[in-house]
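Structure record follows, encoded as structure tokens.
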Amino acid sequence: MTCPAVNPVRERHWVCARRMRERRLAQGLTQRQLVGRLERRGVRTTNRAISTMENGRGLDLGLLPELAEALDCTVTYLLGLSSDPCSWLPDRLPRLPDADAPRRPLRTEARTV
């Protein structure tokens, strides 16, 4: 029996939901207080919507900048790319493919025998 492969997109979704809740609690805020902070920034939402997002459902990526500002952290932190709530820089940069590395042939390329 094999374990299903981890979907990095789905994992980032859960990281964001968890960090959002952890940061709200670290700030000593209730969901209703977070809603108030968001309303002062022009975002209308409800504590029910915040609860839904914190439980990994209905996370609105368009709200990330306002959520980060209301939670006194960065979007980079909420996305799990930084362990420092105040840092915009990721802890490690994503690894880009090496231009000189041998390339695997694409399926559409003809294979030589």
Side-chain angles (χ1 to χ4, degrees):
M1 190 165 156
T2 61
C3 291
V6 175
N7 180 339
V9 173
R10 189 74 183 137
E11 182 64 24
R12 175 125 336 119
H13 187 89
W14 282 109
V15 167
C16 187
R18 186 179 67 241
R19 287 211 170 172
M20 190 177 136
R21 177 178 167 78
E22 289 171 356
R23 189 68 183 162
R24 178 181 59 79
L25 293 174
Q27 297 283 310
L29 299 171
T30 64
Q31 291 173 342
R32 193 168 301 237
Q33 289 169 321
L34 178 55
V35 166
R37 285 186 175 194
L38 289 168
E39 284 178 350
R40 287 191 291 281
R41 287 164 176 80
V43 176
R44 295 191 44 87
T45 191
T46 64
N47 58 318
R48 185 179 212 165
I50 298 296
S51 175
T52 299
M53 286 188 265
E54 288 181 353
N55 285 294
R57 299 179 312 273
L59 187 59
D60 186 349
L61 297 180
L63 288 180
L64 280 182
E66 289 82 7
L67 281 167
E69 186 180 356
L71 293 169
D72 195 30
C73 64
T74 64
V75 172
T76 311
Y77 174 78
L78 286 179
L79 290 173
L81 299 174
S82 170
S83 56
D84 179 1
C86 299
S87 175
W88 281 98
L89 295 175
D91 290 340
R92 59 185 167 81
L93 296 174
R95 189 152 188 252
L96 299 175
D98 185 5
D100 297 328
R103 199 175 73 119
R104 291 174 58 196
L106 298 174
R107 290 180 187 235
T108 57
E109 292 178 351
R111 292 185 181 182
T112 57
V113 188

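Quick caveat: nothing in here was measured; it's all calculated off a predicted structure. We're numbering straight along the sequence, starting at 1.
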Which atom of Arg19 lies closest to which atom of Tyr77, heavy atoms considered: NH1-O, 2.7 Å

Heavy-atom closest contact (Ser87 atom, Thr74 atom, distance): O-OG1, 2.8 Å

Greater than 12 external heavy atoms within 6.0 Å of Arg32's CZ: no

Heavy-atom pair of closest approach, residues Leu71 and Arg23: O-NE, 3.0 Å

Atom of Leu64, atom of Leu79 and distance for their closest heavy-atom approach: CD1-CD2, 3.8 Å

Leu63 reachable from Val15 in the ILVMFWY side-chain graph, under 4.5 Å edges: no

ILVMFWY network linking Val35 to Leu25, side-chain heavy atoms under 4.5 angstrom: no

Residues 43-50, side-chain donor-acceptor partners within the protein, below 3.5 Å, at least two apart:
unit_1 : atom_1 : unit_2 : atom_2 : d
Thr46  : OG1    : Arg48  : N      : 3.4
Thr46  : OG1    : Ala49  : N      : 3.0

Leu38 and Leu67, any side-chain heavy atoms less than 4.5 Å apart: yes

Test log, rule side-chain contact (heavy atoms from CB on, under 4.5 Å), inputs Thr76 and Leu89: CA-CA 7 Å; Thr76 311; Leu89 295 175; over 6 Å; no

Asp60 (side chain) donor-acceptor with Gly62 (main chain) under 3.5 angstrom: yes

Of Arg21, Met20, Glu22, the residue whose pairing with Arg18 passes side-chain contact (heavy atoms from CB on, under 4.5 Å): Glu22

Side-chain donor-acceptor contact under 3.5 Å, Gln33 with Gln27: no

Minimal non-hydrogen separation, Arg41 against Arg37, with atom names: NH1-O, 2.9 Å

